[in-house]
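Since the structure is predicted, the reported quantities are computational estimates derived from the model, not experimental observations.
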Amino acid sequence: MQLLHSSIVIAALAAAQHIPKYGSQQKQRSSAAGFARHTGTTRKEHEMAYVAVSNISVMDRVRAALAELNDRAARAKVYRTTVQELNNLSGRELADLGIHRAEIKRIAYEAAYTN
C-alpha cells in the first residue's frame, strides 16, 4: 500500500510541472482546470494563485533579492564575529563559560542562523 500511495503523490507532482506559465488566458484557464481535476482542488484556487504570483513587478523582485542579500550578509557577519571573539578567548575563559573549543562553530551558527 505504501508503494501505491507514493506513486500517486509522484503523479500529482509531475502534473503540476505541466501548467504553462505564459500564454493566453484561455490556455491558462484550461490548464488550471485540468490540474484542479487531477489534484482534487478547484480551478478558482489555481487561477487566484497564478494571478497573485504574476502581479509581482520586476522592481519588487529586485528589492526582495537585495533584502535577502543584505540579510545573508548580516547573518554571515554575526557568524564570523562570534567565531572570532570566541576563538580569542583562552581555554580557561571558555571553561568558565561552559564552552568547549570544539563547540565554537556550532554556537556561532546558532547565534547567527537560528533566530
For I107, the side chain to side chain contact (heavy atoms under 4.5 Å, CB included) test, sequence neighbours excluded, returns L86, I99, E103

Residues at least two apart in sequence or cross-chain that pass side chain to side chain contact (heavy atoms under 4.5 Å, CB included) with V58, listed by chain then number, are V62

Reported [atom1]-to-[atom2] distance for the pair [X] and [Y], which is rounded to 0.5 angstrom:
X	Y	atom1	atom2	answer
L97	L89	CG	CG	6.5 Å
K105	T82	NZ	OG1	13.5 Å
H100	L94	NE2	CG	9.0 Å

So salt bridge (charged side-chain N to carboxylate O under 4.0 Å, His left out) across residues 76-94, not counting sequence neighbours, yields none

So salt bridge (charged side-chain N to carboxylate O under 4.0 Å, His left out) across residues 63-73, not counting sequence neighbours, yields D60-R63, E68-R72, D71-R75

Sorted by chain and residue number, the side-chain hydrogen bond (donor to acceptor under 3.5 Å, both in side chains) partners of D96 (sequence neighbours excluded) come out as none

Residue pairs meeting ring-ring contact (aromatic ring centres under 6.0 Å, His included), one or both in residues 55-97, sequence neighbours left out, come to none

Between A108 and V83, the two heavy atoms sitting closest are CB-CG2, 3.4 Å

